[in-house]
Structure formats: C-alpha cells, structure tokens
Number of protein chains: 2
Amino acid sequence: MRSDAKKNYDHVLAVARAAVTEGGPDVSMRDIARQAGVGLATLLRHFPTREALFEALLRASLDRLTQRADELEASRKPDEALLSWLSEWVAFALGHRGAVAMMATAHANPDSALYAACAAVHAASARLLLRAQTDGVARADITGDDLFGLMCGLGWLVDLPPFAPRADHLLHILASAILIEPAAGSGRIEATRP
Amino acid sequence: MRSDAKKNYDHVLAVARAAVTEGGPDVSMRDIARQAGVGLATLLRHFPTREALFEALLRASLDRLTQRADELEASRKPDEALLSWLSEWVAFALGHRGAVAMMATAHANPDSALYAACAAVHAASARLLLRAQTDGVARADITGDDLFGLMCGLGWLVDLPPFAPRADHLLHILASAILIEPAAGSGRIEATRP
DNA sequence: ACCTGAACACCGTTCAAGT
DNA sequence: ACCTGAACACCGTTCAAGT
C-alpha cells in the first residue's frame, strides 16, 4: 500500500470507529464515507462489506481477548480460568455493540471477514473448556461448539440495553451450568459406576 | 372493517406468512405487497411496521404458547413444568424464524406491536419460575427478567442454523443452571447455616 | 371507507472515467 | 496505483388523488 493510501485508510478507519460508536453498528456505509470526506466507492474498496469493516475495527480487541485466554490458562486454575474467560467475553460484548451478533453469524461462514477471529475465540474457549473438563470441574457433556454458542447467546443478550445491567449476574448463572460446583463432589467420588 | 376489506386483509396476511416462511424474516414489505397483488401503501396501512405484521403472524402461536404455560402449571410438578416450558419456548423459536430476536427488542418498548405478547410470555415465565422457587427446586437468585433474558438468548441462538441441531441439548444445559439438582439436596438439608 | 401510484429520501453495488 | 461521480436497483414513508 502506498503511504498516502495508508494514511487515507487509517483516517477512514478512525472516522468509521467514531461513526459506529456514535450511530450504532448499522450506520450506513454512505454516512461513514461522507463523514470521512471520501467517496463511497473508496470506502467500499477498503472494506467491501460491513463485516470487513468490523473485522478491522475489532482486530485489536479480539487479539487482546484471545491472548487473554493464554494468560488465564497459564496463571489460573481451570475453573477460575474458564469463569474469567466468560467474564472477559462479556466485557468484550458490552464494549463493542453489535459485534457478537455479527460473529455468531460469521463463525459458520468461511467467507466472512470475521471467520478467522471467530475461529480463534472458538478455539480458545474450547481449550479452556477441555482443560476444565479434564480436571473434572466442568460438565463433560458440553462441546466447544456448545460453549461458543452459549457465549454468543449471552453476549448477544447483554448487548441489548435492558439486559446490560444484569450482565454479570447472567454470566454467573450460565457459569453455574458449565462448572461443577465443588460442593457436589469435592471428594472426587466416581459419579456413576454401574 | 368492511367485509371486502376483511377479505383483503386475510389474503394479505396469508401471502405475508408464505413470503416470510419462504424468504426469511427480512423479506421486503414491497415484495409481500407485490406477491399479494396489492399496493405497498395498502399493506402498510394494515401493518404500519414489520413488528405489526409479525404480531399478526405470530398471534395464534403466541396465544397457544402462553396457554400452554397454564396447562403446565396445572398438570405438572414445578420443576417439570418449568423445564417443559423452556422446551415449548425453544420449539416456538425454531418454528418462527426471527421472532425471538424481534421479541427481545420489543419487550422493553411499550410502543411495539409485540409488547403485549412479550409481556404475556414474560409473565408466564415469571409465574412458573416463582412456583419452582417456592417449591425449592429453582435457584432463588434468578428474577423473571433474568429468565426471560436467558430464554431470549437461547431462542435467538437456536434460530441460527448451525446451532439449531443442538437446541435440545443447549436447553438442558441452561435448565441445569436454573433448576436445582435433586442429588444436591434431596434430603431438604438447610444449605448454609452459620 | 378503502385503495393506489408516484414522489421522496434513503441504501449498497458496480463501473467507466479521472488523476 | 488510487480515487470518484454517477447510474442502478433496491428499500420504507408519505400523501394527494382515485373508486
């Protein structure tokens, strides 16, 4: 990319971020182009779809998020790590309106610009889940897909203003479905032997 | 309403149902009007918004759904009733693409045509939840709003094709967060006495 | 009463033409 | 290489004019 184009790109992206923050995830591409003082066709050449634009807007946050999964895995007990991971996810959802809904639809579509990011979040979730399951502190009958789905459902929900205040509580309710309460079998009794 | 207008209304509604089933919840109102052989302005006079159209399309199903809550309350044990209610809700979500998402946004907006329907589902949910809580088989720290929210999150999720096949399993995972497992305290031991 | 065509202000897509 | 205006086919809203 030429340096003047790069500068243009950065400017457009900054304006887009402000426009999305201000007007919500459905601001028209035309509006963004207008606010950036650039032709609509130019905006669409940089970001052919809304998803491509969001991918660029979310990249840094998503990188930080998935990196956080590594840190949690290295520094925390399996159950604590998984719980904190869910908490980080909810914080991400609350901080980026519309992002979760977009990711939920993108995760099954390899052509989406957000596909790779979804796969990374999915993989991180599955890894933390498997670790907790191996340790016996998470339900064994939940798959990585299930967890990713539940995370999307929760993230989408708390994205709705009426439910945002209950985000933390709803997160703990969901966590209680995934994590096995220590009270139930802390003595490591084999559950169902015939 | 004049009888010819009534006939027109019914015809438009039938065509709209087919169009939504065929083309998804975002079919253009123009398309529906075209398929019904009626002016766009006429369609919009009957249904000023997409929500008004959906309210008419969903009314029978929603009535059946909330009525089902009464039946469950009368015929089943509190925990079974609540679990079955969640199951009915998921079936509703799977049967009416886009409905849950619309209801989730409508439930906090008294001006929405779907507001009353949302309130009815919310009330039914809260009633079944309270009954289960009183009986000690549901977590006490969940509110009716929480339950309605979780139901919306789950309903929205299973509306996405990749997650639909796991609907029943996801439902049971969520239920395990709400219902108290009999194994944990079937002997009615007071949980935390200092 | 009930319906409608048409004008309106929008949207994202596409491409030939400019620098 | 990079940008752009303009044409295009769409959308929902609105209203004066028809039966």
Side-chain angles (χ1 to χ4, degrees), chain A residues 1-58 97-99 101-102 105-106 109 111-114, chain B residues 1-58 97-99 101-102 105-106 109 111-114:
Chain A
M1 195 175 334
R2 251 163 41 180
S3 71
D4 56 338
K6 163 76 172 153
K7 193 173 174 183
N8 207 340
Y9 178 94
D10 291 343
H11 173 242
V12 166
L13 194 59
V15 170
R17 190 180 304 278
V20 167
T21 304
E22 176 67 25
D26 296 324
V27 236
S28 79
M29 299 295 268
R30 241 190 181 87
D31 260 354
I32 296 173
R34 259 194 294 259
Q35 288 179 39
V38 89
L40 171 59
T42 303
L43 173 63
L44 292 171
R45 195 165 36 75
H46 286 310
F47 310 107
T49 66
R50 187 176 295 274
E51 291 194 349
L53 174 60
F54 267 74
E55 194 278 330
L57 288 176
L58 298 172
R97 183 146 298 175
M102 223 170 217
T105 48
N109 173 22
D111 292 336
S112 166
L114 279 167
Chain B
M1 193 171 341
R2 253 164 38 181
S3 70
D4 58 337
K6 163 75 173 154
K7 192 171 174 183
N8 207 339
Y9 177 94
D10 290 343
H11 173 242
V12 166
L13 194 58
V15 171
R17 190 180 305 277
V20 167
T21 303
E22 176 67 25
D26 296 325
V27 235
S28 80
M29 299 295 268
R30 240 190 181 86
D31 259 354
I32 296 173
R34 258 194 296 258
Q35 289 181 38
V38 89
L40 171 58
T42 302
L43 173 64
L44 292 172
R45 195 165 36 76
H46 286 311
F47 311 106
T49 66
R50 186 176 297 273
E51 291 194 350
L53 174 61
F54 268 74
E55 194 279 331
L57 288 176
L58 298 173
R97 184 146 297 175
M102 225 170 215
T105 49
N109 174 22
D111 293 335
S112 167
L114 280 167

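So that the names make sense, note that chain A is the first sequence line, chain B the second, and so on, each numbered from 1. Below, each value reflects all heavy atoms present in this structure, side chains not excepted, and no hydrogens, waters or symmetry copies.
- When every heavy atom of Ala56(B) is checked against every heavy atom of Phe47(B), the shortest pair comes out as CB-CE2, 3.7 Å.
- One interatomic measurement links the two molecules: CD1 of Ile32(A) to P of dC11(C), which rounds to 11 Å at whole-angstrom precision.
- Between Leu43(B) atom CG and dG5(C) atom C1' there is a gap of 15 Å when expressed in whole angstrom units.
- Of the inter-residue distances, the one linking His46(B) atom NE2 with Leu13(B) atom CG reads 10.0 Å to the nearest 0.5 angstrom.
- Here the P atom of nucleotide dC3(C) and the NZ atom of Lys7(B) are 13 Å apart, to the nearest Å.
- Whole-Å rounding puts the Arg45(A) CZ to dG5(D) P distance at 13 Å.
- Set against dC2(C), dC11(C), dT4(D), the side chain of Arg30(A) has dC11(C) as its closest nucleotide.
- By the side-chain contact (heavy atoms from CB on, under 4.5 Å) test, Val15(A) pairs with His11(A), Gln35(A), Ala36(A), sequence neighbours left out.
- For DNA chain C, no neighbouring residue in residues 18-29 of chain B is found when judged by any heavy atom under 4.0 Å.
- Scanning all heavy atoms of the two residues, the minimum distance from Ser112(B) to Ala106(B) falls at OG-CB, 3.2 Å.
- With values rounded to the nearest 0.5 angstrom, Leu58(B) atom CG is found 8.0 Å from Arg17(B) atom CZ.
- Phosphate proximity of dC2(D) to Asn8(A): absent, as no side-chain N or O sits under 4.0 Å from OP1 or OP2.
- Side-chain contact between Ile32(B) and Leu53(B) is present, with at least one heavy-atom pair separated by less than 4.5 Å.
- The side-chain contact (heavy atoms from CB on, under 4.5 Å) test applied to Ala14(A) returns no partner, not counting sequence neighbours.
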For DNA chain D, just give me the dot-bracket, please: Watson-Crick or G-U, both distances below 3.5 Å, ( ) intra-strand, [ ] crossing earlier pairs, | paired with another strand, . unpaired. ||.|||||...|||||.||
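- Rounding to the nearest 0.5 angstrom, the gap separating the CG atom in Leu114(A) from the CD atom in Glu51(A) is 5.5 Å.
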Which atoms of nucleotides 14-19 of chain C (N or O only) lie under 3.5 Å from a protein N or O atom, and what are those distances?
none

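- A heavy atom closer than 4.0 Å to some atom of DNA chain C occurs in Arg50(A), these being the qualifying members of residues 49-56 of chain A.
- In this structure, CZ of Arg34(A) is placed 12 Å from C1' of dG12(C), rounded to the nearest angstrom.
- Rounded to whole angstrom, the span from the CZ atom of Phe47(A) across to the P atom of dC3(D) amounts to 11 Å.
- Within the 4.0 Å cut-off from OP1 or OP2 of dC2(C), not a single side-chain nitrogen or oxygen of His46(B) is found.
- The two residues Leu44(A) and Met29(A) come nearest to each other via the heavy atoms CD2-CE, 3.8 Å.
- For the pair Arg97(A) (side chain) and Pro25(A) (backbone), a donor-acceptor distance under 3.5 Å is absent.
- Lys7(B) places none of its side-chain heavy atoms less than 4.5 Å from the side chain of Asp10(B).
- In this structure, the side chain of Arg50(B) engages the main chain of Val27(B) through a donor-acceptor pair within 3.5 Å.
- To the nearest 0.5 Å, atom CG of residue Asp31(B) and atom CD of residue Glu22(B) are 11.0 Å apart.
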